[in-house]
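Worksheet: the structure to be examined is printed underneath.
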Protein chains: 2
Amino acid sequence: MPRSGPRLSRIAQSLGVSVATVSNALSGKGRVSAELSARIKKTAEEMGYVPSQAGRALRTGRTGVIGLVLADIANPLFPQIAQAIEFAASEAGYGVLIADSRGASSLQMEAIDRLLERGVDAMIVIPRRGTRIGALGCPVALIDSPSTPGNSVSADHWEAGLAMGQHLRELGHRKVLLLGSGSESNVQNDRLGGIRAALGKEAVCETLWIAHRKPRNGEDFSLGLAGYYARGFTAFATTSDLHALRALSELQRAGISIPSQASVTGFDDLALAEVTSPRLTTMRMDMPRIAELAVKALIERLDLQDVGERMPSSSPVEAAQAKVAMQLVVRDSTAPVTRSLPYQAIQENPAGELRP
Amino acid sequence: MPRSGPRLSRIAQSLGVSVATVSNALSGKGRVSAELSARIKKTAEEMGYVPSQAGRALRTGRTGVIGLVLADIANPLFPQIAQAIEFAASEAGYGVLIADSRGASSLQMEAIDRLLERGVDAMIVIPRRGTRIGALGCPVALIDSPSTPGNSVSADHWEAGLAMGQHLRELGHRKVLLLGSGSESNVQNDRLGGIRAALGKEAVCETLWIAHRKPRNGEDFSLGLAGYYARGFTAFATTSDLHALRALSELQRAGISIPSQASVTGFDDLALAEVTSPRLTTMRMDMPRIAELAVKALIERLDLQDVGERMPSSSPVEAAQAKVAMQLVVRDSTAPVTRSLPYQAIQENPAGELRP
DNA sequence: CGGCGGTGGTTAAACGTTTAATCACCGGCA
DNA sequence: TGCCGGTGATTAAACGTTTAACCACCGCCG
């Protein structure tokens, strides 16, 4: 089953030179006269020559592919991630092979093995919460959270939380409910920790973990947010736009107007953040930058290996910059607090008033 | 830069046999005694032998990788798609290389070329709306819409629309507003067409394309849905959960209670559909099945090629089943119509009442 | 007992590339 | 004239696998 196009030998033959010369000309490595080199390149172009990665890989031991392993591809953030990494990688001449561990940590190792078997040169791992990545046979970049040991590069979730908290603080919020999936996740802890820190100790914060509160048919899946509002909470800060949507929606349904009566914030700037009414105030990750840093670090390590440097590859690579700032996106779901605390008048509250 | 583990030659050497025998034993192809074969397999296992895809690829012309090209990875549906395809592919022993065309059709061709250069055996294309895929050098499966010429397999969007329309019809809706991004997309046309068809001619439908209505800061990004409600529309059927969210949110904000006063439906069952209040009634794609069919069709074609069959590879492969049914997920955003038409009392409408 | 088919294995070539080693040639210098 | 260094190209080996062709051996039949 010969592959399609012309190979090196064909173009060499057609010009009456040796394959080595053609290889040299195209790679610019050996010694070839400028004139011949030009002719070779021209012919290669004309014949539509495409180098065989297989041949090259066999010879060089490099496949030019990096693996991307995700804890759960179904993560709504995944599109951003994959797109950014694919872009950064292809800019650097690398392909991206994906592997999904579908949640379970055991499958995560399997996913990694699949990639290893395919001979990826390196990989980027966005691990399942709490999973540790041991020493693999290739350079690994870990994208998780600055507070995770071994983390190569990631958004600065704490700092982001700080900014978000600051934003709420400036709007006068002093009693805010923090919403996250679960406390095992470093990124969620960081985000919430930052918010809490920015709010300071004169503010009162409570945290609600809702991973287990799966909305199910028939069952009541309310978070009881109206109750918190009644208790005087003026802001609901979440670790994800999905949670923010849930909060926003539940509050609105209960007749609480956002943002005039309560503020809601998200995280990640998912597509949905722009289509809610009011649109969500949220925090955006600079995923392109993160991807670029991860890929760059990986390639650097690979180059080092080439030079024969003894690689300390037991642990993930270190990127040039470990944390990259997130960007606060202020939209319409946050506003200054208007009521004084405590305020228990939720029952008779008129709803749905448009924001001025 | 030799690759890590032991190669065939090593395990052959350690057993005092030839590489060919080892290869045969492991692949089960040649003639090797059962006893020796077992010993070889055992040793291979012990030494942690991993076959070099590069070597194999070079010899067989097969990389064992299929490419996945997406119009826009940032598509919120992408996680589902990628996960399903990665699963189906890895089940079949294939890896998945991704390429994102970032919207532009010109980049789509570039993305395809990138994959081709990496020597993918086949690819799955989820094209940008309206793009045509010409003859590539490898088998291609096209996942778009049954009404797209050359489509290999996809969800039955029309049928799905029919089911959704039927659902609304049974609830008594006779005046429904159809919302979609734009009319260039076959899948959107199919979905909306199905809905319209199910509603029948005694129903009145209007269509609103909102691709250009990007929510932008400062600007009014309202769709004027309250106006439609005032004109007597009782249901808002959209081509995507994202649009549904937008509609739901805008209507609620305007004081219209969902579903008691108006119904809203989405499509695709994104994660967000479960966290809105009320939760969205939507339509789910059987992506795993679609992926499985696409991968299977591709592999079949590849096997045919192996046998030397002359391949009619000018057009995309045909899957065993071209359309796969979508599943209606009835949640809480749809309900029987309660008001008689026309009903113009939106202004004094009390809002936010909870659904009984 | 010579040939024959089956069994269990080996040899060798091939896939396409890269790269170290080699070589032919030429002008310049001792 | 003999040698040397540089230039421009070739030769050959190597990466790891698969597979067609080959071979030695054995028991059996004619």
Of all heavy-atom pairs between A/Val317 and A/Leu298, which one has the smallest distance, and what is that distance? CG2-CD1, 3.7 Å
Is the closest basic N to carboxylate O distance between B/Lys296 and B/Glu300 below 4.0 Å? no
Would you tabulate the nitrogen or oxygen pairs shorter than 3.5 Å linking the protein to nucleotides 10-12 of chain C?
from	atom 1	to	atom 2	distance (Å)
C/dT10	OP1	B/Ser18	N	3.4
C/dT10	OP2	B/Ser18	N	3.1
C/dT10	OP2	B/Ser18	OG	2.8
C/dT10	OP2	B/Thr21	OG1	2.1

Nucleic acid contacts - residues 38-47 of chain B versus DNA chain D, non-hydrogen atoms under 4.0 Å: none
Can you check the B/Arg10 CZ to D/dT17 P distance for me, whole Å? 12 Å
Taking the side chain as every heavy atom from C-beta outward, state whether B/Val50 and A/Leu116 have any atom pair closer than 4.5 Å. no
Mind listing the closest non-hydrogen atom pair of A/Ala294 and A/Ile124 along with its distance? CB-CD1, 4.1 Å
Would you say the side chain of B/Pro288 lies within less than 4.5 Å of the side chain of B/Glu292, judging by non-hydrogen atoms? no
Full working for side-chain contact (heavy atoms from CB on, under 4.5 Å) between B/Leu68 and B/Phe78: CA-CA 11 Å; B/Leu68 173 58; B/Phe78 175 57; 4.3 Å; yes
Are any of A/Ser52's side-chain N or O atoms less than 4.0 Å away from OP1 or OP2 of C/dC15? no
One thing to verify: whether A/Lys41 and A/Glu45 come together as a salt bridge, which I'm taking to mean a side-chain N less than 4.0 angstrom from a carboxylate O. no
Would you call B/Leu8 and B/Leu26 a side-chain contact if the rule is heavy atoms closer than 4.5 Å? yes
